[in-house]
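Single-structure report; data block below.
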Amino acid sequence: MAGRGTEDHPHGADRLCEAGDRVYSRAVRRGRVPRTDAEPVPCLLELALLHPDPDDMAWLVPTSPQEVMTRLLRGVHDEVRESQRRVGSAVAAFEWYAGLGRQLQASASAEGTAIRVLDGLSRIQAAMDEATEACTTEVLTVQPGGIRREAELTEGLHRALALRGRGVHMRDLYTHVARHGQGLLTYLELMGDAVEARTLDEVIDRLILFDRTVAFIPANADRTMALELRHPALVEYLVTVFERLWRLAIPLTASLPDTGIEGISHREQSIAALLAEGHQDAVIAERLGISVRTCRAHIARLSETLGAASRAQLGVRIAQVGLDGPPGGTGIPVGIPDQESPSVR
């Protein structure tokens, strides 16, 4: 039986195996047992219930039952104390995780208020009406897309009139193309001094800001979804964008600057600059708020005016006359080159 290990006796001193009970009991009654008696029960030596007799190493003497009991009680006490410590740690951890959970809920609630998704035109209009009612000072808007349709102007007219009635000042940014819409001119005449309007060659996507505290921007291409933004950093960023565009824009009451090149309009100068950047007709049309058909008609007139027989040659001519920069830029037009000049053939 020699060589058997404690893996065959998986227990402690508080629950001896049957063979270990017999050998230990015999050792207590007799005072000692031969070492060979303990070979089948190595657990007794591992648990220090038996130990060698210093007078004769062939014999094993027992640890007194009183000492074993004291050891067991000490072990139980240590286990209870460790259990109490673990319970205390678990309670502290529970409170910590619960605190994180409350913080997460508060953060999610705050973020939900700061950024809200509005799905559907009815929800968008309801949110806009709510913001309009709360507005007391200022409304800033960016309106892309060229000539404003009568339906668009009519849809928001009741809000604009309510704002005007409370003395709220409004500033609107449009593309230059919007200047040609009679509906916009009628709307501005109706609103009087309550609204200032300026135009640019191109603007960012639609943006509406109320009192610099809440902003609305589209959330999809067909504008059936929108984001309501109340996060101060986001709103402040959008206000900064608006103000910089406003400083670059031209008042609607002022005429567009002359290009300085005979036969080329301001719009065609804008188209030329975008062509020089490598944009396709559809992209240029979208950015300037005109139809692709109108855009191509302007490109055809550009080609005719500059004497270009192809798109590639048109690009060269645009660069030669200084139309490859934005309107009003630092590029100085040098005049339309002679169509017979060898440098442009």
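Proximity of Leu288 to Asp201: side-chain heavy atoms (C-beta onward) are separated by under 4.5 Å at one or more points. Inter-residue side-chain proximity for Pro52 and Arg35 is flagged as met; some heavy-atom pair is nearer than 4.5 Å. The shortest distance between side-chain heavy atoms of Thr240 and Tyr237 does not fall below 4.5 Å. The shortest side-chain heavy-atom distance between Glu268 and Ile299 does not fall under the 4.5 Å cut-off.
Between Asp281 and Arg311 the shortest heavy-atom distance is OD2-NH2, 3.0 Å. In terms of heavy atoms, His298 sits closest to Ile271 at CB-CD1, 3.3 Å. The two residues Ile204 and Leu207 have their closest heavy-atom pair at CD1-CD2, 4.2 Å. For the pair Val139 and Phe210, the tightest heavy-atom approach, listed with the atom from each and the gap, is CG2-CD2, 3.7 Å. Nearest approach of Arg166 to Cys135, heavy atoms of both residues: NH2-O, 2.9 Å. Considering every non-hydrogen atom in both Gln313 and Gly307, the closest pair reads OE1-O, 3.8 Å.
Shown here are the salt bridge (Lys or Arg N to Asp or Glu O under 4.0 Å) partners of Glu228, two or more places apart in sequence or in another chain: Arg116, Arg230.
Atom CG of Leu185 and atom CG of Leu190 lie 12.5 Å apart (nearest 0.5 Å). From Asp21, atom CG reaches atom CG of Leu49 across 10.5 Å, with rounding to the nearest 0.5 Å. Once rounded to the nearest 0.5 Å, the distance linking CD of Glu286 with CG of Leu274 reads 11.5 Å. With rounding to the nearest 0.5 Å, the separation of CG in Leu47 from OH in Tyr24 is 11.0 Å. Between atom NE2 of residue His231 and atom CG of residue Leu238 there is a gap of 12.0 Å, rounded to the nearest 0.5 Å. With rounding to the nearest 0.5 angstrom, the CG atom of Leu44 is 7.0 Å from the SG atom of Cys17.
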Evaluate the criterion side-chain contact (heavy atoms from CB on, under 4.5 Å) for residue pair Ile284 and Leu275; output intermediate values, then yes/no.
-> CA-CA 8 Å; Ile284 296 172; Leu275 282 173; 3.6 Å; yes
Show your reasoning for whether side-chain contact (heavy atoms from CB on, under 4.5 Å) applies to Leu256 and Arg179.
-> CA-CA 10 Å; Leu256 296 180; Arg179 291 168 172 261; 3.5 Å; yes
Arg171/Val195 under side-chain contact (heavy atoms from CB on, under 4.5 Å): CA gap, chis, key distance, verdict = CA-CA 6 Å; Arg171 286 188 286 159; Val195 176; over 6 Å; no
Take Leu50 and Val41, measure what side-chain contact (heavy atoms from CB on, under 4.5 Å) needs, and give me the verdict at the end.
-> CA-CA 10 Å; Leu50 295 177; Val41 282; 5.8 Å; no
Check against salt bridge (charged side-chain N to carboxylate O under 4.0 Å, His left out), Glu18 and Arg22 = CA-CA 6 Å; Glu18 186 177 349; Arg22 286 197 305 269; 3.5 Å; yes
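Under a 3.5 Å cut-off, the side chain of Asn220 and the backbone N or O of Met225 do form a donor-acceptor pair. Remark: the backbone N or O of Trp59 is not paired with any side-chain donor or acceptor of Arg32 at under 3.5 angstrom. The backbone N or O of Pro218 lies less than 3.5 Å from no partner atom in the side chain of Arg206, so there is not a single donor-acceptor pair. No donor-acceptor pair under 3.5 Å is formed between the side chain of Arg317 and the backbone N or O of Ser303. At least one donor-acceptor pair closer than 3.5 Å links the side chain of Thr63 to the backbone N or O of Ala48.
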Exercise answer: donor-acceptor pairs, residues 117-131 side-chain atoms, under 3.5 Å, sequence neighbours excluded:
unit_1: Asp129; atom_1: OD1; unit_2: His158; atom_2: NE2; d: 3.2
unit_1: Asp129; atom_1: OD1; unit_2: Arg159; atom_2: NE; d: 2.8

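For residues 208-218, the pairs satisfying salt bridge (Lys or Arg N to Asp or Glu O under 4.0 Å) are Glu138-Arg212, Arg212-Glu243, with sequence neighbours left out.
Note: the hydrophobic cluster containing Leu245 also contains Leu234 (ILVMFWY, side chain heavy atoms under 4.5 Å, direct or indirect links). Val239 and Leu200 fall within a single hydrophobic cluster, where Ile, Leu, Val, Met, Phe, Trp and Tyr side chains are chained together by heavy-atom contacts under 4.5 Å. Leu184 and Met191 end up in the same hydrophobic cluster when Ile, Leu, Val, Met, Phe, Trp and Tyr side chains are linked at under 4.5 Å.
Ionic pairing of Glu82 and Arg85 is present here: one or more N-O contacts between side-chain nitrogen and carboxylate oxygen are shorter than 4.0 angstrom.
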